[in-house]
Amino acid sequence: MRTTRSRAVSGDSDDDDAPQTFMFQGKAYESYQEMVNAKRQRNQDVLASSGLLGAKAAIDDAVLEQKAAKAASRGLKRSKAPREPLPRRKSSRLQGVAASGIYVESELAAGKVVVAGGLYTPNDSEEESKFFNDRINDGSDLTVSEAVELCGSKWSKEGTVEAAEQFMKQSLSDITKTFSSTSSRKGSPDSVRSVPGKSITSKTLQSNLNALSLESDTCVAKVTPERIYSVACHPNPNHIIACAGDKRGHVGIWNVDQYGAEAKQEDESSSDGVHLFKPFNGAVSSMTWNQSGTSLLAASYDGSVRSFDVEKQAFKEVFATYSDDDVYKDKLGYNLHGGYRSWLQSLELDHRFGSECFFLSTSEGSVMHVDLRSKRKVTFDQTLSERKINSMSLHPNGYTMATAGLSTVVQLWDIRSMSDSKSKKPKPLAWQNVGKSINSAFFSPSGKRLLTTTMMDHLDILEDAHLASGLIKTPKTRIKHDNRTGRWLSTFMARWHPASFSGEEIFVSGSMKKPRTIEVFGGNGSLLREIRGIALTAVASRCCFHPSAEKLIVIGGNSSGRLTIAR
DNA sequence: CTGGTTATTAAGGCG
DNA sequence: CGCCTTCCATAACCAG
């Protein structure tokens, strides 16, 4: 066990034997701290004399004039007095008591890491820690009621479980069925990219964008308890089923316009159409519906991938990383766990095969391809980077893949050279040096453009990156964009609308602008719309479009678990 | 170059 | 209203 060092608060701890002075502007200071203070004073003076402070204050006032509204109270509500207090175990960790000052407490034998005050489980079984990597269970299916109960009493009240079951079993099933029967041919691989923008044309696109509104408090709801890491939207064009995954492994599903019997049912029990589940024990890094809307696929930092199958009414573990312990011999992810620093950072459907195949990227720089068709297997597992890979994207051509992450390089690969894990270390076809970490890189629906969100404070649009070879120079289209979200917000990842509108492609991004704003850009980099309104009171870090609605709908998720719907 | 620190950031919750 | 917590992001820095 390692405690935090409180060393060198003022930089003068250990080296008393070597008296030292610190020079600044020709003056000697006794301690480093004094020197720093002098430096700060100088900076203050310079600022004051420049008149910038006055100007800044004026700007601040102007911004504050529009007084920040309170966060909306729709959606989840914490129940102050738990109805049935869960039997607590002895461990203070499990009671959520912070071991102050201790961050990473220890690395346990099984490769688990305990973050103080962090990975507590409301599950009151004595056996919680036996599950590999502190997961929610041993990998068996999770029923709807179990997934709700795992959220703990804090977020439930009378009838929460029933409301969730009712919603999942009836409303969601109906929504899924009416959609998948009217939607195209069954059996053929459903390509997300083939969704046409039906009623919106390039002519009506701008007016559609202008119509997006955030002026009603009904367009915000708290959907998860914690900060949102991922958002997804069900593809039925006639409904808005907005989903969010949070830092602790919760998945919130919001039926934005409740209808029929359900609405009546829910008057009493539920929170404005919001239902909360906890299929994971770590951040939900990516979530996506398959195109037919029959399953919601999600990956978590806890190393597991689960799919909520609407028909089977269960969160099934379809893949998870496991150690090389013989116990896990028959698991799909046997021997794929890379230690306590390893987690699943992103999931991307392999659009060639519907939702039956997907790519995963890890914090350790590898990309896996998982194939769930008849013979379930991990097609390949390749280390493509020394550092975490934040995103990967498969070009519509079905073989060019873009990866991006902490390595500060966008790389393009031919996945045909990775057909199995034994193939030798692949080489990138092309790459772009960004210089700082890259939050995401996504191909546009046509594949013509590659959109990157970078810590260099740019949104870059590369043209025909899939045809490039070698070093890619500075892109033609570069949007200056403040991406400094800091530590407490999820990073921005600008995302395309999966359809194009008579050739026009658009994408959405969160923004640090005040008043808070969601931005929509055109494929040529032009800012088409800044969506603001009383409902948007916090930065929407992770955004997406409704994939198929007749009108444009934008969904944004923020750091307090709220979803905002612009429509 | 590696490892180990710390600054920075926004927003809700609570006193 | 003002302080406190957040704590699996990232960059920048420094010491060895």
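Lettering of chains follows the sequences in order, A, B, ..., and the numbering in each one begins at 1.
Whole-Å rounding puts the Arg341(A) CZ to dT10(C) P distance at 15 Å. Per the geometry, OH belonging to Tyr229(A) stands 8 Å off C1' belonging to dA9(C), to the nearest Å. In this structure, Leu536(A) places its CG atom 16 Å from C1' of dG12(B), rounding to the nearest Å. A straight line from CZ of Phe492(A) to P of dA9(C) spans 15 Å, rounded to a whole angstrom. Per the geometry, CZ belonging to Arg227(A) stands 16 Å off P belonging to dG13(B), to the nearest Å. Rounded to whole Å, the distance from CG on Asp457(A) to P on dA9(C) is 19 Å. Protein atom CD of Glu226(A) is 13 Å distant from nucleotide atom C1' of dA11(B), rounded to whole Å. Atoms CD (Glu364(A)) and C1' (dC8(C)) sit 12 Å apart, rounded to a whole Å.
For Arg562(A), the side-chain atoms get nearest to dG12(B) when compared with the rest of dT9(B), dG12(B), dT10(C). Among dT10(C), dC14(B), dA10(B), the nucleotide with an atom closest to any side-chain atom of Leu489(A) is dA10(B). Between dT9(B), dC8(C), dA11(B), one nucleotide has an atom nearer to the side chain of Val539(A) than all others, and that is dA11(B). Among the nucleotides dG12(B), dA11(B), dT9(B), the one closest to the side chain of Arg487(A) is dT9(B). Of the candidates dA11(B), dG13(B), dT10(C), the closest approach to any side-chain atom of Thr491(A) belongs to dT10(C).
We find that Lys388(A) and Glu364(A) are not joined by a salt bridge, their nearest charged nitrogen and carboxylate oxygen being 4.0 Å or further apart. Salt bridge annotation for Arg74(A)-Asp217(A): absent, with no cationic side-chain nitrogen under 4.0 angstrom from a carboxylate oxygen.
Every side chain to side chain contact (heavy atoms under 4.5 Å, CB included) that Ser361(A) has, sequence neighbours left out, goes to Gln345(A), Ser346(A), Val367(A), Ile389(A), Met392(A).
A heavy atom lying under 4.0 Å from DNA chain C marks the following residues of residues 432-440 of chain A, by number: Lys436(A), Ser437(A).
Between Phe132(A) and Tyr328(A), the two ring planes are perpendicular [angle over 60°; tilted spans 30° to 60°]. Ring-plane geometry between Phe380(A) and Phe359(A) is classed as tilted, the angle between the planes lying from 30 to 60 degrees on a 0 to 90 degree scale.
Here the separation of dA12(C) from dT9(B), taken at their C1' atoms, is 15 Å to the nearest Å.
Asn390(A) comes within contact range of the sugar-phosphate backbone alone, with a heavy-atom separation under 4.0 Å but no base atom that close.
When each of Arg387(A) and Trp488(A) is assigned the nucleotide of DNA chain C bearing its nearest heavy atom, the one mapping closer to the 5' terminus is Trp488(A).
Using a 3.5 Å distance cut-off with no hydrogens or angles, the side chains of Arg542(A) and Thr491(A) do pair a donor with an acceptor. In this model, a donor atom of one side chain and an acceptor atom of the other lie less than 3.5 Å apart for His481(A) and Glu519(A).
Phe507(A) pairs with exactly one of Phe442(A), Phe492(A), Trp496(A), Phe443(A) by the ring-ring contact (aromatic ring centres under 6.0 Å, His included) rule, that one being Trp496(A).
Contact check, Lys388(A) against dT10(C): a side-chain N or O comes under 4.0 Å of OP1 or OP2. Using a 4.0 Å cut-off, some side-chain N or O of Ser560(A) falls inside it from OP1 or OP2 of dG12(B).
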